[in-house]
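Counting from 1, the numbers follow the sequence of the chain as shown.
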Amino acid sequence: MKVTAKNRSRRIRKKMRVDEFQELGFDIAWKLKDGISGEELDAFIDKFFAESIQPNGLGFGGEGDTLWHGLICTQKLGSCTDEHRAAVEKWLTDNGATSVAVSDLYDVWWAE
């Protein structure tokens, strides 16, 4: 459902997260080598959060084993940027992930 914010007060626009309060994020997916051990997987994910997600003020919600997918958005109110997308994609590619796919930015509250 797409919401238009015509003639709404600032307070209502903020509650609805539209117009100047819109928040953009992106989807991400990647593959890790087959047969990865539990310890290697934990180390990879810990390093991903420590070097890519947290330093950029991002949050990740997703799941996986050898094939991962999820949503990335900011930890605080705000929007991700194309620079965030590029940084996350580069980190994954540089650290052994394959088949890395990053979506375009989209409204995380009112995605169609």
Short side-chain to backbone donor-acceptor contact, N56 and L58, under 3.5 Å: no
ILVMFWY cluster, I12 and W110 together (side-chain gap under 4.5 Å): yes
Set of residues satisfying side-chain hydrogen bond (donor to acceptor under 3.5 Å, both in side chains) with respect to T81, sequence neighbours excluded: E83, H84
Hphob cluster co-occupancy, I72 + L24, side-chain heavy atoms under 4.5 angstrom: yes
Close side-chain approach of I28 and F60, heavy atoms under 4.5 Å: yes
For D46, all residues meeting salt bridge (charged side-chain N to carboxylate O under 4.0 Å, His left out), sequence neighbours excluded: none
Side chain to side chain donor-acceptor pair (under 3.5 Å) contacts touching residues 62-76 (sequence neighbours left out): none
Of all pairs that satisfy side chain to side chain donor-acceptor pair (under 3.5 Å), the ones with a partner from residues 86-99, not counting sequence neighbours: K47-N95, E51-W91, K90-D94
Salt bridge (charged side-chain N to carboxylate O under 4.0 Å, His left out) against D82, all qualifying residues, sequence neighbours excluded: R85
Y106: side-chain contact (heavy atoms from CB on, under 4.5 Å) partners, not counting sequence neighbours: D27, L71, S103, V108, A111
Same cluster (ILVMFWY, side-chain, under 4.5 Å), W30 and F49: yes
Side-chain touch I53/F48, heavy atoms, less than 4.5 angstrom: yes
For the student: nearest non-hydrogen atoms of C80 and C73, plus distance: SG-CA, 3.5 Å
